[in-house]
Trainee: 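I have a structure here, written as structure tokens, and I will follow up with some questions on it.
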Amino acid sequence: MEWLNLDISTLRTMAVAVAASASCAIIGCFLVIRGMSLLGDAISHAVLPGIVVAFLLADGRHPVPLLVGAIAAGILTTFLTQSLHRRAGVQTDAGMGVVFTALFAGGVVMISAFDLTHVDLDPDCVLFGDLGVAALRTARFGGFEFPQPLIPLGIAFGLNAALIGLLWKELKITSFDPQLATTLGISSTIVHYAVMSAVSCTAVAAFESVGSILVISMLIVPGATARLLTDRLFPMVVIAAGAATVAAVAGILIAGHFDTVEAPTLSVASGVLFAITVIAAPRHGLLAAWIRRLLLSLRIVAEDVLARVYRHQERQRVDGKLPILGLTFRGLSESVREGAILGGRNTCRVTLWILGWRGLLTHSSSGYLLTDAGLSRAADLIRSHRAWEVYLRENLGVALDHLHEPAHRMEHFLTPELTQDILADAGDLLDPHGRPIPLDAAPSGTEVDRP
Amino acid sequence: MLFSSPTADSSNAPLPDGAPLPPIEVHDLTVAYGRKPVLWDIDLEFNEGELVGVVGPNGAGKSTLIKAMLDLVPSASGWVRIYGEPYAARRKQVGYVPQRESVDWDFPVNARDVVLMGMYGRLGWFRRPSRKDHHTADECLEKVEMSAYGDRQISQLSGGQQQRVFLARALAQDARIYVMDEPFAGVDAATEASIVRVLRDLRAEGKTVVAVHHDLQTVEEYFDSLVLLNLRVVANGPTSEVFTRDNLLATYGGRLTILDRAAEAVRRGGGPRIDRP
């Protein structure tokens, strides 16, 4: 198991990565559902001057001044962005772009002006962090040695979990319907600032490990992934934490195997997980949507085939021919046009095989014929088709030569109850073209003599 | 101030017994967006236990009037009283049905979650809905004939069903006044019938309902009183008296050019922004 080459330093890096990802993921969910992903981006950059000031004042990595500095910077960003929008009429996104870049650049200028590079605050580290290096510094508690970054990350996770736990319904309602929240006396503004403060703290806690660019992927990607997998808020938060953990563990293993930089590898892993989810998610995924479309088109083609054979047999019955001949493959495949995503002839072949297998269609020397079950199913379709033609003709006054196409589409979707109601109103047993509407499942006059 | 505003405590204040106070009183209200006034000098008083329709053309300020009653938009001048008190002191007496388009229906909650939100105001900060509240939410869904859809994610509901969920949420607020912004907009016939039934039940319970309405054909059937609005109150009173050809012409007909031009003059004259007190 070369992949699982888990020495103690890999495990420590992994612990830091999981802590950072999970803290970001749970609060990031609320950025995603509030449609404020980019404010997370802005804040993760804008906290830099707060961090620098905290460094200058407290001279070191003491967590309390760092967190205070971060919250102050986050609130300042949120406040400036909102004020620019409300008071000065600047577009929200433009205001955000101005505020966070200015604050971030200000932070970088301060780093170079006060020569803070000796405490690891160099511009590279600011952007990408260094998971491996961060995890090397260890702290001790009760004889147990662990990576020092777990302390601020643990605090951030605890704060986020507490915020989400305490303000669960407030977060929910202010995200979904801020106006109703306001009328109920739940201040959207307070909740908004609480979320932004939590994002700021989290961004700072994760800062030295992953830097200010990659922290965005940790904030947004797990939440976006989870949203594709569930339609409820609580499962979304749990799944986001799970997705973040999976991405963190996978990212560190891959980084160890290929000897790549940890934090960016983690972000790539997270992105790949998201891409897989986009494709394969059970309800919202592209694959599921494609399968639903495929099944629908196969059903439509199958129903078209049944209806086609029904009309073929009906015509011979009207003409008084006996025995009634089946319909040839060529005759059928011509009618298979709509929704044939595998190509007309192939779709027709597949469909005929399925209809035969389900006992709706038989094949004789003369061609394809309906079985009793097939006849009943086809009569339902024809009834829907002709009922819709009656409705269009009598209620909407649609011209005779415009009736077939819309009825051809609607026949696949009309429910038996709806068809019944239309026919109850019409009371006519013939469609506008003068053809009989089959009223029960196997109407007399259309049975066939089968070989 | 953070978790309990001083006014919130009085929002439960019992109403004076047999008080002659009107449920909603609007006095000389003017509302502006930016520098442009959208409602001019509105004076209104509603009677308890009536269904009141607010009718007027697009851009007449109907939604703005509703929002101003609920303190959602600031007024440039004038005031609104709910049973004689400012809105903030009477929140719990007022249920709100916003326009359906005002929220993101892809939000990850189901119909019951949305109805439960109606009770959040009464619960106060931090507290969660109890089992009893869930039960109440189900009852409210029942009243709008949506009990089968409680577990349905809201994006999977039809427009009419979404509107009924909003109505159920307002019922969950258990208020004495209901303020609704276009509850009948874009709904199917079944939903319209269901909403009308709920409105009449509310009236039978002595509640007051104020609803923005678009369909002039049903105005007489649905509402006891009317406010005909077009930037100002054109007419206000019992439907039988107010819903006349002349009043409708005055509301919908000739543009109110003088007011339009006055508003434009205020905007262009660089007058002070008056949308903030």
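These numbers come from a predicted model, not from an experiment. Reminder, nothing fancy here: chain letters follow the sequence lines and each chain counts from 1.
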Trainee: Any idea which of A/T182, A/I33, A/D231 has the most non-hydrogen atom pairs under 4.5 angstrom with chain B?
Mentor: A/D231
Trainee: Among B/V109, B/V94, B/V97, who wins on heavy-atom pairs under 4.5 Å with chain A?
Mentor: B/V109
Trainee: Can you tell which part of A/V191 gets under 4.5 Å to a heavy atom of chain B, answering side chain, backbone, both or neither?
Mentor: side chain
Trainee: Going from CZ on B/R91 to CD1 on A/I186, what distance comes out if it is rounded to the nearest 0.5 angstrom?
Mentor: 9.5 Å
Trainee: Can you name the nearest heavy-atom pair linking B/Y96 to A/Q179, along with the distance?
Mentor: OH-OE1, 3.5 Å
Trainee: Which heavy atom of B/Q173 sits nearest to which heavy atom of A/L184, and what is that distance?
Mentor: NE2-CD2, 3.3 Å
Trainee: Are any of the side-chain nitrogens in B/D113 or A/R232 under 4.0 Å away from the carboxylate oxygens of its partner?
Mentor: yes
Trainee: Once you round to the nearest 0.5 Å, how far does CG of A/L180 lie from CZ of B/F166?
Mentor: 7.5 Å
Trainee: Less than 4.5 Å to any heavy atom of chain A: does that hold for the side chain of B/N110, its backbone, both, or neither?
Mentor: both
Trainee: Let me know if B/I154 has heavy atoms under 4.5 Å from chain A in its side chain, its backbone, both or neither.
Mentor: side chain
Trainee: Fit a plane to each ring of B/W105 and A/F176, take the angle between them on a 0 to 90° scale, and name the class: parallel (under 30°), tilted (30 to 60°) or perpendicular (over 60°).
Mentor: perpendicular
Trainee: A quick test of your reading: do over 12 heavy atoms of other residues, nucleotides or ligands sit less than 6.0 Å from OH of A/Y193?
Mentor: yes
Trainee: How close do A/D177 and B/P98 get, heavy atom to heavy atom, and via which atoms?
Mentor: OD2-CG, 3.6 Å
Trainee: Is it true that atom CD of A/Q420 has more than 12 heavy atoms of other residues, nucleotides or ligands lying nearer than 6.0 Å?
Mentor: no
Trainee: Kindly give the heavy-atom pair with the smallest separation between B/G124 and A/E170, and that separation in Å.
Mentor: O-OE2, 3.8 Å
Trainee: Can you tell me if CZ on B/R127 sees more than 12 non-hydrogen neighbours from other groups inside 6.0 Å?
Mentor: no
Trainee: For the residue pair A/R227 and B/F107, what are the closest heavy atoms and their distance?
Mentor: NH2-C, 4.2 Å
Trainee: With a 4.5 angstrom heavy-atom cut-off, could you sort out which part of B/V114 is near chain A: side chain, backbone, both or neither?
Mentor: side chain
Trainee: I'd like to know if the side chain of B/Y87 and the backbone of A/T183 have a donor-acceptor N/O pair within less than 3.5 Å.
Mentor: yes
Trainee: Which bit of A/R283 is near chain B, if near means a heavy-atom gap under 4.5 Å: side chain, backbone, both or neither?
Mentor: side chain
Trainee: Looking only at heavy atoms and a cut-off of under 4.5 Å, which of B/K67, B/Q156, B/M117 has the most pairs with chain A?
Mentor: B/M117
Trainee: Can you give me the closest heavy-atom contact between B/R128 and A/G165, atom names plus distance?
Mentor: NH2-O, 2.8 Å
Trainee: Should A/T230 and B/P108 count as side-chain neighbours, where that means a heavy-atom distance under 4.5 Å?
Mentor: no
